[in-house]
Structure formats: C-alpha cells, structure tokens
S.K.: 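Structure in structure tokens, see below.
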Amino acid sequence: MIYKYDDAICDDLRKSFNPDNVENPVVTVISSEVVTAIAAQIQNDKITYPIVALIRDPNSVQIDQSRMNFTRSHFGVSAVIDKETNDVYYEKVLPITLKYSLTVLTTNVADQDEIIRELLFKYVNMYFLTIRLPYECDRKIRFGVRITSETDIDYSSGSPEYLQSGSLYQAIIPLHCDGCVLVSYTPAHLIRTTFDVEPSEFDV
C-alpha cells in the first residue's frame, strides 16, 4: 500500500501546478515509476521541461519503533463488521518512516528558482494529505509531508548535458512524511449465542 502515498503526493502536486487540468501543463509532475525512463526520452527529445519528479528513498521504508504499539501491531483492534457475512476485521498497524526527494529539472535558472520557491512555501510547514485504504476496511488515513530541515537542497547546475547543446539545471528537495503506516486485516467470524435461563426460587 506504500504506492498509495506516492500517488497522493504526485496527484496533489499535479493539481497545484495544473489546477485547471489543462492538457499540456507548464510543469510536468512524474512519479518514481516514470523517472527510470527519463534518460531514454531525453535522447529522443520527447520530454518537455520543466519537470518535477517525485522519487521515494528505497532505504527510508523502515519500521518506526518510536511509534510502535504492541496491541495494534501484534493482535490488532476490531475495525469493521461486515453485516452480510457477520465477519469482524481486526486491524493490525505498523508505523513506518517514509522519505522522498523532489527533483526539479529545468532548462534555465529562472524556472528553477520559481518552482523551488513554490515547493518551499508548500512544504515548509506540515502539509496534510489523505489516502484511502484498498483493503476490507473502507477508510482513510491522513499523513503529513514536510521538508527535511536537517538536509540542504542539492543543486546540480549545468549537468547533465541536454542534447549536447544545452544544460539541465537540477535541484533536489528532501521530503519527510509523518504518520505513515502499513495496515493488515484479519477476519474473524461472529457466532450468535443464545442462553435459556431457568428462573430460580429466589426470582420474583
């Protein structure tokens, strides 16, 4: 379900740079899955700049021990009851750390400066987003995105070469997510039980 966090951040960025949902937006936002194909597209000159690429740090997906809850991670808590099957679903939760890099690629410094300005103001404070769980319990999880203040913005001006006639200007902004979790559901069938109680001699 981690891809849900990726999609939420990308979709929100697309709406920020393209609120009217025009066909050819000024700034193109791409996800981690598309980043791997950039090099080949550059050679064929199929990319339109500027680009904002969201890249998840593969080493950042770790269990967050500081937010671990023994009951919720081992036994789970009842979250939803299916009225048709009479099943109750127990929700197990593992808190995780999640970090991203926002890579800004432009062909000039002016575009780079303006895009970075927009992103800094957007994420300098905690920015909240919501994902919908794709599992048995149809509910939402809210999480926050913010700039990792401990890390500086990485500027790589003038490289790599762009079609041997120009340069790409690159800036990498580190992001950190708070409140991210992994969720699992275990069903248990409820059984209706009835008891017949005989009145005692003390009953009135």
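Every heavy atom of this structure was used, including side-chain atoms; hydrogens, water molecules and symmetry mates were not. Here, residue 1 is the first one in the sequence, and each next residue gets the next number.
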S.K.: Going by heavy atoms in the side chains, are Met126 and Phe128 under 4.5 Å from each other?
M.R.: yes
S.K.: Val124 and Phe17: same hydrophobic cluster, using ILVMFWY side-chain contacts below 4.5 Å?
M.R.: no
S.K.: Hey, does Ile51 have a side-chain heavy atom less than 4.5 Å from the side chain of Val27?
M.R.: no
S.K.: Is the closest side-chain heavy-atom distance between Leu54 and Val29 below 4.5 Å?
M.R.: no
S.K.: For a quick test of reading the model, state the closest non-hydrogen atom pair linking Ile115 to Pro50 and the distance between them.
M.R.: CD1-CB, 3.5 Å
S.K.: Answer yes or no: are there more than 12 heavy-atom neighbours, outside Lys122 itself, under 6.0 Å from its atom NZ?
M.R.: yes
S.K.: Can you check whether Asp12 reaches Val145 side chain to side chain, under 4.5 Å on heavy atoms?
M.R.: no
S.K.: Using the test salt bridge (charged side-chain N to carboxylate O under 4.0 Å, His left out), find all partners of Asp64 that sit at least two apart in sequence or belong to another chain.
M.R.: Arg67
S.K.: So which atom in Ile153 and which in Ala171 form the shortest heavy-atom distance, rounded to 0.1 Å?
M.R.: CG2-CB, 4.3 Å
S.K.: Distance from Asp57 atom CG to Thr148 atom OG1, nearest 0.5 Å?
M.R.: 9.5 Å
S.K.: How many angstroms lie between atom NE2 of His176 and atom NZ of Lys99, to the nearest 0.5 angstrom?
M.R.: 6.5 Å
S.K.: Do you know the tightest heavy-atom contact between Ile147 and Leu120?
M.R.: CD1-CD2, 3.4 Å
S.K.: My understanding is that only residues two or more places apart in sequence, or in another chain, count here; which of them pass side-chain hydrogen bond (donor to acceptor under 3.5 Å, both in side chains) with Asn108?
M.R.: Asp111
S.K.: Could you report the tightest heavy-atom contact between Thr130 and Lys140, atom names first, then the distance?
M.R.: CG2-CB, 3.5 Å
S.K.: Please report the closest heavy-atom contact between Arg14 and Ile30, naming both atoms and the distance.
M.R.: NH2-CA, 4.3 Å
S.K.: Which distance, rounded to the nearest 0.5 Å, do you find between the CD of Gln112 and the CG of Leu105?
M.R.: 9.0 Å
S.K.: Distance from Asp6 atom CG to Ile55 atom CD1, nearest 0.5 Å?
M.R.: 11.5 Å
S.K.: Side-chain contact, heavy-atom cut-off 4.5 Å: Val181 with Tyr5?
M.R.: yes
S.K.: Any chance you could measure Ile131, atom CD1, to Arg139, atom CZ, to the nearest 0.5 Å?
M.R.: 9.5 Å
S.K.: Mind checking whether His74 and Phe70 have parallel, tilted or perpendicular rings, split at 30° and 60°?
M.R.: parallel
S.K.: Can you list the residues that meet the salt bridge (charged side-chain N to carboxylate O under 4.0 Å, His left out) rule with Lys15, with sequence neighbours excluded?
M.R.: none
S.K.: Does Lys4 come within less than 4.0 Å of Asp7, counting only side-chain N to carboxylate O?
M.R.: no
S.K.: At what distance, to the nearest 0.5 angstrom, does CG of Leu94 lie from SG of Cys180?
M.R.: 13.0 Å
S.K.: Taking all heavy atoms of Leu13 and all of Tyr123, pick out the closest pair and write down the distance.
M.R.: CD2-OH, 3.3 Å
S.K.: Hydrophobic clustering (ILVMFWY, side-chain heavy atoms < 4.5 Å, transitive) - are Tyr155 and Leu175 grouped together?
M.R.: yes
S.K.: Knowing that exactly one of Val52, Asp154, Ile172 qualifies, which makes a side-chain contact (heavy atoms from CB on, under 4.5 Å) with Thr103?
M.R.: Ile172
S.K.: Under a 4.5 Å cut-off applied to non-hydrogen side-chain atoms, are Asn69 and Val93 in contact?
M.R.: no
S.K.: Report yes if the side chains of Cys177 and Phe143 come closer than 4.5 Å at any heavy-atom pair, otherwise no.
M.R.: yes
S.K.: Answer yes or no: is there a side-chain heavy-atom contact under 4.5 Å between Ile2 and Leu182?
M.R.: yes
